[in-house]
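Here the structure comes first, spelled out in structure tokens, and everything after it is commentary.
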Amino acid sequence: MPARTKEQLMQIPGDIHAVLSDPRTVISGDRVQIPFELDHALYKRLNVILKDIGGRWDGRKAVRAHTFPFPVAEFMRACLAAGEWPSKFEQGWYPTPPAVVYDMLEHASIRVGHTVLEPSAGVGSIVKRAAEEMGIVDCVEIDARRAHALRELGAARSVIHGDFLDLDPLAIDEPYDRVVMNPPFNNAIGHVMHALGFLRDGGTLVAILPESVVWHGDRAAVEFRQLVADAEGELIPLPENAFAPSGTNVRTVLLRLDADPDGSLPTHGWHQRQPLQLDLFATA
């Protein structure tokens, strides 16, 4: 994924970090709720940061929290772990340093002619190397500027400008031999689960994920770890400073999943094997 400048990466002041890390603070779903009183000056500075990340204050009695247009819990954990936050224009966007790309491709074992999907391609850190391995690469990028840069790079067979999560895996005729990805950390598990639908039975998915997927106790993380274990996948810790070249100390792991044709991973083939659901409410 593309690099950020230092100006786009802001340090979280100590007093605000303490508020957000306070066990009384509720960070769940799409909201951050602080159920204790802050002095006015501290609240104003906190409000600026939460708004910059993409939140807005919802003062309704049933809410009284900052709400976000994306699931914020995993993203906020990553920010607090690193002690810094990217602006709302860069949500969950952590570039992939060259050494990490090298590790990813070692695990992906791309061979000549393998089809490869990169679902959050940025400006091509992974795409370029996958193409150099003689993979046939298709990629998706949500930002129009970066999608244009990918086309200019010329390493991919196709570049789709759009939200990867809006793409239907069953709309493609041929699934991919490899999926290699550094998904947005604010919804990393969701992106990996969706990406599996584009993977061929017998294929391999390699992804960079926030370390929180290894230990967090929320339902999504627990179920994800079970899925990885059932598939005999690997969650491999990366060095603590792996993302330092990208201006962040966020801790990460490398996921490798091999899709056994007889396994239970929700691959493209698995989706095709599911029975069609009849619309009982359809009218003639």
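In this text, all values refer to a predicted model and were calculated from it rather than measured experimentally. Numbers here simply count residues along the sequence, with the first being 1.
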Scan side-chain atoms only and decide if [X] and [Y] contain a donor-acceptor pair under the 3.5 Å cut-off.
{"X": "N47", "Y": "H66", "result": "yes"}
{"X": "S212", "Y": "H216", "result": "no"}
{"X": "T267", "Y": "D201", "result": "yes"}

Would you say that [X] contacts [Y] through its side chain, given a criterion of any heavy-atom pair below 4.5 Å between the two side chains?
{"X": "N187", "Y": "L165", "result": "yes"}
{"X": "I16", "Y": "L20", "result": "yes"}
{"X": "V32", "Y": "V26", "result": "no"}
{"X": "F198", "Y": "P175", "result": "no"}
{"X": "F185", "Y": "T252", "result": "yes"}
{"X": "Q33", "Y": "T25", "result": "no"}

Query raised in the report: Does a sphere of radius 6.0 Å around CZ in F36 hold more than 12 heavy atoms from other residues, nucleotides or ligands, not counting ones at 6.0 Å or beyond?
Result: yes
Basic-acidic side-chain contact under 4.0 Å: [X], [Y]:
{"X": "D103", "Y": "R256", "result": "no"}
{"X": "D58", "Y": "R31", "result": "no"}
{"X": "E133", "Y": "R111", "result": "no"}

Query raised in the report: With the 4.5 Å side-chain cut-off for hydrophobic clustering, are M193 and V140 part of the same group?
Result: yes
